[in-house]
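Heads up: the structure comes next, in structure tokens.
Computed from heavy atoms alone, side chains included, the values below leave out hydrogens, waters and symmetry copies.
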Amino acid sequence: MRKILSGVLVIAVSGVTFGSLGGVSEAGTSSALRWEACPADVASPDLECTTVRVPLDYRRPAGRQIDIAVSRLPSKDPSQRRGVLLTNPGGPGGGGLSYPGLLVNPVFPEPLHQSVRDRYDVIGFDPRGVGHSAPVTCDYTPEQIARLNLPYPGNPADVLTDARIARTIARQCAASETAGMLPYITTANTARDMDRIREALGEPAISYLGASYGTYLGAVYTTLFPKRSDRIVLDSNLGPGGYDHTAFQRLALGMEQRFPDFAKFAAANPQYGLGVTPEQVRAKYFELAARLEQTPVQNIDGSLFRGTTFDLLYTDVGFTTLATIWQALDTGRPVPPAPPPGNPDNSLSSRLHVLCGDSNWPRSVRGYQRDVALYRMKYPLIGAAAAKIGPCAFWPAPIERPVRIGDRGPSNVLMVQNLRDPGTPLTGAWELRKAFGDRARMVTADQGGHGAYGLFARNTCANDTVTAFLTTGQRPHRDVACAAEPGK
């Protein structure tokens, strides 16, 4: 999943009670599903796949239907099986069909614990509009794709240029061959699809593990369907507004809070030549950004340098790659090749559909110019990019109001959050925690990066607390603060 500002997070829902739309019944049975081999691009031998039919528009449940691709990693211990654990890796715009296989892959330092695998069939799915689930397009051109890696506006004229490009992309989305789907690719509708998946699986309730944007999706699901929610884990949390304009701007704060971790790493490894103190490493960042803005190296300009740095702050594992890239750019050595981007048109297009369809974004170009100037000074690492204008400023108004996340429902939500998360800063997590009230408990881990549970997250206190909740239902009586664990 690409986590950069050109495609990251989520958003929330309020007021309307669409949860019952679509006529979901309790009579579903998994025997009606036909499990087969997964598509060739889903690289996990243990996964099996199927599709679930859902309405495109839940206000018209008998109207046009679309297929949602679903995967399953079955429990291998029927005597321990509790039910299903639906998962989402984030985005929006990220596919989730292969995610169960990723969660249990031993290549990661902290794969999903065997006790969790025994308790659940782990379920993945491509959200509507993504991958194998009725993919949408905005007909991005190669030039548009190349430019979207965190453009950093340097002055008001750059904002005007960004606005023209953003308006063009919004028009492309509205004129594409999938334009008829545009109003319906939203978080609320994906949550309704999740309940159709639950019904098709024959389950009275689902447990859930969602990360990043997936926290908002899980929050929306358990708000719309509280009685069908079992154990809900939300990892690396957006605020109760989801991935709205505020969340996007907070990426600037997230990078400021996370960057010192990398600066300490680089200073402790003088072989990279980036400085011997964190202050010198930070100064090197601004030196390289300014130099590359004037004279790009190997097609990397200042904006791409900033965006690549932001991307590789998501895990501590990325620090070595990031330091190597900085060193190469500083000394003229070849830059390590980037991995192939997959299908950027679909991931970028579906991301836009969700971001812009979930909530209204500001539309004043002058307002964005003011924000860019303010954020450039307030958050110098990447602030201007987090305040930039995008296609959502030119998008049609959403067809429903955001779901309001509140405290009505069972106390079955466990949030887990790193203190220094570049993509979903701690301030948003605290806002979501407050909105949930007694429905939730939150575990904070004194570590950096995006993802506080499993895979690259090595804080034993946080991992054990989440695993215990998923396997036994034991949830802390109060919020938990996990101390740093040096050496992990």
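- No side-chain donor from either of Y99 and S71 sits under 3.5 Å from a side-chain acceptor of the other.
- For the residue pair I123 and L86, the shortest heavy atom distance occurs at CG2-CD1, 3.2 Å.
- With hydrogens and angles ignored, the 3.5 Å screen pairs a side-chain donor or acceptor of Q65 with a backbone N or O of G63.
- The shortest side-chain heavy-atom distance between V136 and S176 does not fall under the 4.5 Å cut-off.
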R306 vs S303, side-chain hydrogen bond (donor to acceptor under 3.5 Å, both in side chains): CA-CA, chis, key distance, verdict: CA-CA 5 Å; R306 293 174 187 266; S303 290; over 6 Å; no
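- A donor-acceptor pair shorter than 3.5 Å can be found between the side chains of D345 and T137.
- Distance alone, capped at 3.5 Å, places no donor-acceptor pair between the D235 side chain and the H450 backbone.
- Side-chain N or O atoms of R198 include none that pairs as donor or acceptor with a backbone N or O of G202 at under 3.5 Å.
- Using a 4.0 Å cut-off between charged nitrogen and carboxylate oxygen, D193 and R196 do not count as a salt-bridge pair.
- In this structure, S411 contributes its side chain and D438 its backbone to a donor-acceptor pair below 3.5 Å.
- D139 and Q172 share no donor-acceptor pair across their side chains, judged by distance under 3.5 Å alone.
- Between R81 and D121 there is a salt bridge, with a side-chain nitrogen of the basic residue lying less than 4.0 Å from a carboxylate oxygen of the acidic one.
- Here D316 does not pair with R458 in a salt bridge; the nearest charged N to carboxylate O distance is not below 4.0 Å.
- Within the 4.5 Å cutoff, the side chain of C49 has heavy atoms near those of the P39 side chain.
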Full working for side chain to side chain contact (heavy atoms under 4.5 Å, CB included) between F469 and R441: CA-CA 11 Å; F469 174 61; R441 298 290 183 270; over 6 Å; no
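- Judged by distance alone, with hydrogens and angles left aside, the side-chain atoms of S349 form a donor-acceptor pair with the main-chain N or O of C138 at under 3.5 Å.
- Here the two rings, on Y368 and H245, have centers that are under 6.0 Å apart.
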With side chain to side chain contact (heavy atoms under 4.5 Å, CB included) as the test, would you mind laying out the steps for L103 and L209 before giving the verdict? CA-CA 11 Å; L103 285 171; L209 173 61; 4.3 Å; yes
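- With respect to E48 and R72, a salt bridge is recorded, a charged nitrogen being found less than 4.0 Å from a carboxylate O.
- Within the 3.5 Å criterion, the main-chain N or O of H132 finds a donor-acceptor partner in the side chain of D126.
- For the pair V130/S347, no side-chain contact is recorded, criterion being any heavy-atom separation below 4.5 Å from C-beta on.
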Would T427 and E431 count as a side chain to side chain contact (heavy atoms under 4.5 Å, CB included) if you check the C-alpha gap in whole Å, the side-chain angles of each, and the deciding distance to 0.1 Å? CA-CA 6 Å; T427 184; E431 290 175 359; 4.2 Å; yes
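- Panel note: side chain W395, backbone L352; no donor-acceptor pair is recorded below 3.5 Å.
- Scanning all heavy atoms of the two residues, the minimum distance from A174 to A179 falls at O-CB, 3.3 Å.
- Within the 3.5 Å criterion, the main-chain N or O of A457 finds a donor-acceptor partner in the side chain of N463.
- A donor-acceptor contact under 3.5 angstrom links the side chains of T222 and R439, judged on distance only.
- Checking side-chain atoms of N346 against main-chain N and O of G131 turns up a donor-acceptor pair under 3.5 Å.
- With values rounded to the nearest 0.5 angstrom, M442 atom CE is found 13.0 Å from T465 atom OG1.
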Stepwise side chain to side chain contact (heavy atoms under 4.5 Å, CB included) check, T471 with H113: CA-CA 10 Å; T471 55; H113 197 276; 6.0 Å; no
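- Taking CG from L251 and CD1 from I382, the interatomic distance works out to 8.0 Å, rounded to the nearest 0.5 Å.
- The 12-atom threshold is not exceeded at CD of E177, counting heavy atoms of other residues, nucleotides or ligands nearer than 6.0 Å.
- Rounding to the nearest 0.5 angstrom, the gap separating the OG atom in S350 from the CE atom in M181 is 10.0 Å.
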N412 vs Y208, side-chain hydrogen bond (donor to acceptor under 3.5 Å, both in side chains): CA-CA, chis, key distance, verdict: CA-CA 11 Å; N412 63 347; Y208 178 79; over 6 Å; no
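- Rounding to the nearest 0.5 angstrom, the gap separating the OH atom in Y453 from the CG atom in L470 is 5.5 Å.
- Within the 3.5 Å criterion, the main-chain N or O of Y314 finds no donor-acceptor partner in the side chain of R258.
- Residues E199 and D195 fail the side-chain proximity criterion, which asks for heavy atoms closer than 4.5 Å.
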Quick one: do T190 and Y221 satisfy side-chain hydrogen bond (donor to acceptor under 3.5 Å, both in side chains)? Show the steps, please. CA-CA 9 Å; T190 299; Y221 179 83; over 6 Å; no
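- Here the straight-line distance linking atom CG of L238 with atom OG1 of T246 works out to 11.0 Å at 0.5 Å rounding.
- The shortest heavy-atom contact between G96 and P89 is CA-CD, 3.9 Å.
- Salt bridge status for K388 with D162: absent, with no side-chain N to carboxylate O gap under 4.0 Å.
- Under a 4.0 Å N-O distance rule, the pair D118/K76 does not qualify as a salt bridge.
- The heavy-atom pair separating T444 from W430 by the smallest distance is CG2-CZ2, 4.4 Å.
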What verdict does the side-chain hydrogen bond (donor to acceptor under 3.5 Å, both in side chains) test give for D77 and S79, after you've listed the backbone C-alpha separation in whole Å, the side-chain angles of each residue and the deciding distance to 0.1 Å? CA-CA 5 Å; D77 189 346; S79 67; 2.6 Å; yes
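- Taking the side chain as every heavy atom from C-beta outward, L414 and R231 never approach each other to under 4.5 Å.
- Of all heavy-atom pairs spanning N418 and G449, the tightest one is ND2-O, 2.9 Å.
- Residues L201 and W35 approach most closely at CD2-CZ2, 3.7 Å, considering heavy atoms.
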